[in-house]
2 protein chains.
Amino acid sequence: AIINRIIELIPPVGDLGGLTVLITAGGTREPIDPVRYISNRSSGKMGYSLAGAAFNRGARVILITTPTSLEPPPGVDVVRVETALEMHDAVMNRYAEADVVIKAAAVADYRPRLKAEQKIKKEGDTLTLELEKNPDILFDLGINKMEGVTLVGFAAETENLIENAREKVRKKNLDLLVANDVTLPGAGFGTDTNIAKLIYPDGSIVSLPLMDKPALANRILDEVIAIRSNHS
Amino acid sequence: AIINRIIELIPPVGDLGGLTVLITAGGTREPIDPVRYISNRSSGKMGYSLAGAAFNRGARVILITTPTSLEPPPGVDVVRVETALEMHDAVMNRYAEADVVIKAAAVADYRPRLKAEQKIKKEGDTLTLELEKNPDILFDLGINKMEGVTLVGFAAETENLIENAREKVRKKNLDLLVANDVTLPGAGFGTDTNIAKLIYPDGSIVSLPLMDKPALANRILDEVIAIRSNHS
């Protein structure tokens, strides 16, 4: 009885052994000129927490990250990118190696159509910035998904969370979507905690309580393992 | 002789005693919607180095800073802002207290004309962002400069550094402009070092070698003291 209790208390180490997990993290930067860019409030904490947790559970981890203020977890294969186009290329280059892909990065939907070679001087009272669409990395991963690959996306929403998230799971051929309303206190960008909903392809939803990001990372990895054992 | 040599080796501690130094640091963030913003490559390192150096030399320090990944130096009065408009208000609120103002922050020249209440969905293939001019904080400081106040600006340039900088000193009523070409390796944003030119109202220029930012901070404070003793 005592030995069973001890076994229960051991954290799930090694249950991702033999798997390669590709994780993206941070917010992309889309240059306007050599000094200015468009970005977003992603701190990279969720992606870095996932990378550390997956490595601790035995996975080989590829972390594709934009510039953040975080130290990458030791033991992780780090690929540094800045723009959405660079992230798209890096993810596609490494996709064939991955058993699990978790796209925690906040990728800019649009980039400036032209990057000015020199710093733009402030001349006029107004300035018009023409933006064009970036590739949809998650969509490209979904349509090219190989048998046996588990694909997890994130959605940061400020309204209509459930409807937007259900459509995203279906359209992007995901196995799991982690959605959060970034307007809630304690949820979303820059915070150490998150309030997430797990959304599955069958439309079912699990609403999680406020959790710190490392705990949420382990919860997501638990789901990945459950999804993979259901499929096999 | 030995005592003179020892005195030479003592760093200039306390030579800013009795003065209040207001320093701005970091790059402003100009929101497009609740998650996206326009920013720039400023890391805040130069401003934080100046704040730490001024405090160590006996000044009372007010540090007005955007979000950065740096810890503010202990003993410094920290005011946190995000946008250029917030920085403008914070600087103007505290201007009357300052004997020395050093504007090391990279303030966005333009902000989106409208901030979307909700996250903008990616619908069209292109998007047009209308920007409008932010107030010019340094110019407003210059035209309202009180007798006895020393005003130091920074200029990050990518071309025509000298011409642009000389015009800026004159137009903004500065006592000193620290200009650097951010395209040079080891200079500018995000690096731990800088290659600066000091530009004075009389048009004279001092070209400094590659220095680490704390050393450059102390060099700038030396200049501030020299400027103030010439005026008194």
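Sequence lines set the chain letters: A, B, ... in the order given, protein chains first and strands last, and positions in each chain run from 1. The model shown is predicted, which means the values in this text are computed figures rather than measured ones.
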Exercise. Counting only heavy atoms closer than 4.5 Å, note whether A/N164 contacts chain B via side chain, backbone, both or neither.
Key: side chain
Quiz item: Atom OG in B/S39, atom CG in A/N40: separation rounded to 0.5 Å?
Solution: 11.5 Å
Practice problem: Assess whether atom CZ of B/F139 is packed by more than 12 heavy atoms of other residues, nucleotides or ligands within 6.0 Å. | Solution: no
Quiz item: Which bit of A/I32 is near chain B, if near means a heavy-atom gap under 4.5 Å: side chain, backbone, both or neither?
Solution: side chain
Quiz item: So which part of B/N134 gets closer than 4.5 Å to some heavy atom of chain A, the side chain, the backbone, both or neither?
Solution: neither
Quiz item: Among A/R29, A/R113, A/E82, which has the most heavy-atom pairs under 4.5 Å with chain B?
Solution: A/E82
Quiz item: Backbone N or O of B/Y37 within a donor-acceptor pair of the A/R41 side chain at under 3.5 Å?
Solution: no
Practice problem: Check A/T126, A/L127, A/T128 against B/E130 for a side-chain contact (heavy atoms from CB on, under 4.5 Å) and give me the one that passes. | Solution: A/T128
Quiz item: Would one find more than 12 heavy atoms of other residues, nucleotides or ligands at under 6.0 Å from atom CD of A/E71?
Solution: no
Exercise. Could you check which of B/G27, B/P67, B/G124 has the highest count of heavy-atom pairs closer than 4.5 Å to chain A?
Key: B/G124
